[in-house]
Novice: 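Here's a structure for you.
Every number for a ligand or one of its atoms is a count from 1 in the order of the listing. All residue numbers refer to positions in the sequence shown, counting from 1.
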Amino acid sequence: MILVTKLYQFDDNFVQEAYIEDITITMKAIILKGQGGVDQLSMIELPVPEPGENEVLIKVNAISINPTDIYARQNPALNYIFNNEDPKILGWDVSGVIVALGDQVTDFYIGDAVFGLLNFPTHTTPGHAKAYAEYVVANKADIVLKPENVSHNEAAAAGMAALTTWQPLSRKPIKPGDRVLVTAAGGGVGHFAIQFARHFGAYVIALASGSKKELVMSLGANEFVDYQKTSFLDVIEPVDYVIEGLRDEHIEKTLRIVKKGGTLLSLWSHIEGSKWEKQAKELDIHAFYNAVVSSGKDMMAIAGLLKDGELKPHISKTFKLEEMALAHMEIEKNHTAGKIIVNPA
Ligand SMILES: NC(=O)c1ccc[n+]([C@@H]2O[C@H](COP(=O)([O-])OP(=O)(O)OC[C@H]3O[C@@H](n4cnc5c(N)ncnc54)[C@H](OP(=O)(O)O)[C@@H]3O)[C@@H](O)[C@H]2O)c1
């Protein structure tokens, strides 16, 4: 059902007509038929969802694609995130315009441009945001107003990938002058991590392939190491902090470059109960894993940095909604520069 309002003008008089039309408006959405390859992604027509009392309905302009989308597509162990709902729709990062409001929403208006990381799951609780669609419902607590000088593509890019390191770094900031090593530095998370570390006054060493050198240096990195040509252990001085976006055995190496009393933030491998926890303790290093959470409050800080030009998302490729499989294949190459965006319209 939709409320239709029409405004007519007769000479100098305006007449407004309002009535309920019992029709279902549909939208294009990408569903996940089952967990597996990109052939499981399929575009279908679905009814546009209705916002609950604390929710808004967003017409989506841009969706950002993350490696998490790929894991969730492929890994049956992550089936819990969909909360047994049917159809399954991936996607959490969006930017768009509010077109309908729930009854309890007083802090946003129809027409507001907003962005955020919507309803992201934890390691134990579901989070089915259903962002691969022309319209998405968002909890008002997960979104923030998009600054006017920031495009929808840039805003969508600065959801999960920006929050992932903003959340731990803003709670316990890096000290000015700290030497910070960022691994996977040219990717979505890494290219924001460089900028946050610089924001807190750090000296930043970026580890990436040669193709990312220009990008990471333009974002403020002080040193660059091409991991395909050199072992960072041979060429860099010890660091105070590592932002580790790589997996398992790489942590064993990065722990060796952290100063006594320093910190290693792991974005992939869990530290608690692992062999790296033991290794870190022996070396007197604070090593910890941190998982990103949806938070409109944290998005507000990100929005401020975007507005002031302190945070610059880099978008290397864009795709149409019907090209979602291509966007996934691009992330799967594991050589993404900055962010990949999908535009429904
Ligand atoms: N903890 C959390 O809540 C959370 C949230 C989001 C993401 N993550 C994790 O953070 C990591 C990064 O995510 P992302 O979104 O930035 O991924 P991404 O955009 O796909 O970027 C991955 C980057 O890694 C680089 N890379 C690959 N192998 C490398 C190596 N051996 N050494 C250095 N760089 C290498 C790739 O480019 P080049 O090889 O060309 O340099 C690419 O730029 C992933 O493991 C992801 O799962 C964690």
Novice: Which protein non-hydrogen atom lies closest to atom 41 (O) of ligand 1, naming both residue and atom, and how far is it?
Specialist: Ser209 N, 2.9 Å
Novice: At what distance is the nearest protein heavy atom to atom 7 (C) of ligand 1, and which residue and atom is it?
Specialist: Val189 CG2, 3.8 Å
Novice: What I'd like to find out is whether the side chain of Leu90 reaches to under 4.5 Å of the side chain of Leu41, using heavy atoms alone.
Specialist: yes
Novice: What I want to know is whether Ala185 and ligand 1 share at least one N or O pair that is separated by under 3.5 angstrom.
Specialist: no
Novice: Between Asp39 and Arg73 (salt bridge meaning N to carboxylate O under 4.0 Å), is one present in this structure?
Specialist: no
Novice: Within the 4.0 Å heavy-atom shell around Val292, which atoms of ligand 1 are there?
Specialist: 2 (C), 3 (O)
Novice: Does the distance from a Lys or Arg side-chain N to an Asp or Glu carboxylate O, for Glu282 and Lys278, drop under 4.0 Å?
Specialist: yes
Novice: What atoms in ligand 1 come closer than 4.0 Å to a heavy atom of Asn290?
Specialist: 1 (N), 2 (C), 3 (O)
Novice: Report yes if some N/O of Gly187 lies less than 3.5 Å from some N/O of ligand 1; otherwise report no.
Specialist: yes
Novice: What about Lys339: any of its N or O atoms under 3.5 Å from an N or O on ligand 1?
Specialist: no
Novice: Which heavy atom of the protein is the closest neighbour of atom 47 (O) of ligand 1, given with residue, atom name and distance?
Specialist: Tyr71 OH, 2.8 Å
Novice: May I ask you to decide whether Glu148 forms a salt bridge with Lys307, counting only side-chain N to carboxylate O separations under 4.0 Å?
Specialist: no
Novice: For ligand 1 and Leu267, I'd like to know whether there is a polar contact (N/O to N/O, distance under 3.5 Å).
Specialist: yes
Novice: Under 4.0 Å from ligand 1, counting heavy atoms only, is it the side chain of Lys212, its backbone, both or neither?
Specialist: side chain
Novice: Which ligand 1 atoms are under 4.0 Å away from a heavy-atom of Ala208?
Specialist: 41 (O)
Novice: How close does the nearest protein non-hydrogen atom get to atom 5 (C) of ligand 1, and which residue and atom is it?
Specialist: Thr164 OG1, 3.1 Å
Novice: Taking distance alone, with N or O pairs closer than 3.5 Å, would you say Tyr227 contacts ligand 1?
Specialist: yes
Novice: Looking at ligand 1, does any of its N/O atoms fall within less than 3.5 Å of an N/O of Leu246?
Specialist: no
Novice: Charged N to carboxylate O below 4.0 Å: is that the case for Lys259 and Asp240?
Specialist: yes
Novice: Can you tell me how far the CG atom of Leu169 sits from the NE2 atom of His199, to the nearest 0.5 Å?
Specialist: 10.0 Å
Novice: First locate atom CD1 of Ile81, then atom OG1 of Thr122, and finally report the distance between them rounded to the nearest 0.5 Å.
Specialist: 10.5 Å
Novice: Is Lys146 close enough and on-axis enough to Phe115, meaning under 6.0 Å and within 45°, for cation-pi?
Specialist: no
Novice: So which heavy atom in the protein is nearest atom 19 (O) of ligand 1, and how far is it from that ligand atom?
Specialist: Gly188 N, 2.9 Å
Novice: If we count only N and O atoms by modelled type, under 3.5 Å, do the side chains of Asn61 and Ser95 hold a donor and an acceptor together?
Specialist: no
Novice: Looking only at protein heavy atoms, which one is nearest to atom 24 (O) of ligand 1, and what is the separation?
Specialist: Ala184 CB, 3.3 Å
Novice: Do me a favour and list the nearest non-hydrogen protein atom to atom 17 (O) of ligand 1 with residue, atom name and distance?
Specialist: Pro67 CG, 3.2 Å
Novice: Applying ring-ring contact (aromatic ring centres under 6.0 Å, His included), which residue pairs with at least one partner in residues 84-113 are found, sequence neighbours left out?
Specialist: Trp92-Phe120
Novice: Per the ring-ring contact (aromatic ring centres under 6.0 Å, His included) rule, what does the pair list look like for residues 213-246, sequence neighbours excluded?
Specialist: Phe232-His250
Novice: When you check the gap from the basic side-chain N to the acidic O, do Lys333 and Glu330 get nearer than 4.0 Å?
Specialist: yes
Novice: Whether the Thr183 and Glu244 side chains hold a donor-acceptor pair (N or O, under 3.5 Å, no angle test) is what I'd like checked.
Specialist: yes
Novice: What protein heavy atom sits nearest atom 22 (C) of ligand 1, and how far off is it?
Specialist: Asn334 OD1, 3.8 Å
Novice: Show which atoms of ligand 1 fall inside a sub-4.0 Å distance from at least one heavy-atom site of Gly245.
Specialist: 11 (C), 44 (C), 45 (O)
Novice: Taking the side chain as C-beta and beyond, is there a heavy-atom pair between Ile65 and Met324 under 4.5 Å?
Specialist: yes
Novice: Quick one: does Arg247 get an N or O within less than 3.5 Å of an N or O on ligand 1?
Specialist: no
Novice: Heavy-atom contacts with Trp268 under 4.0 Å: which atoms of ligand 1 show up? List them by number with element.
Specialist: 45 (O), 47 (O)
Novice: Taking both backbone and side-chain atoms of Thr336, is any N or O found less than 3.5 Å from an N or O belonging to ligand 1?
Specialist: yes
Novice: In this structure, does ligand 1 have an atom that sits under 4.0 Å from one of the heavy atoms of Asn66?
Specialist: no
Novice: In terms of atom number and element, which parts of ligand 1 are under 4.0 angstrom from non-hydrogen atoms of Ala291?
Specialist: 1 (N), 3 (O)
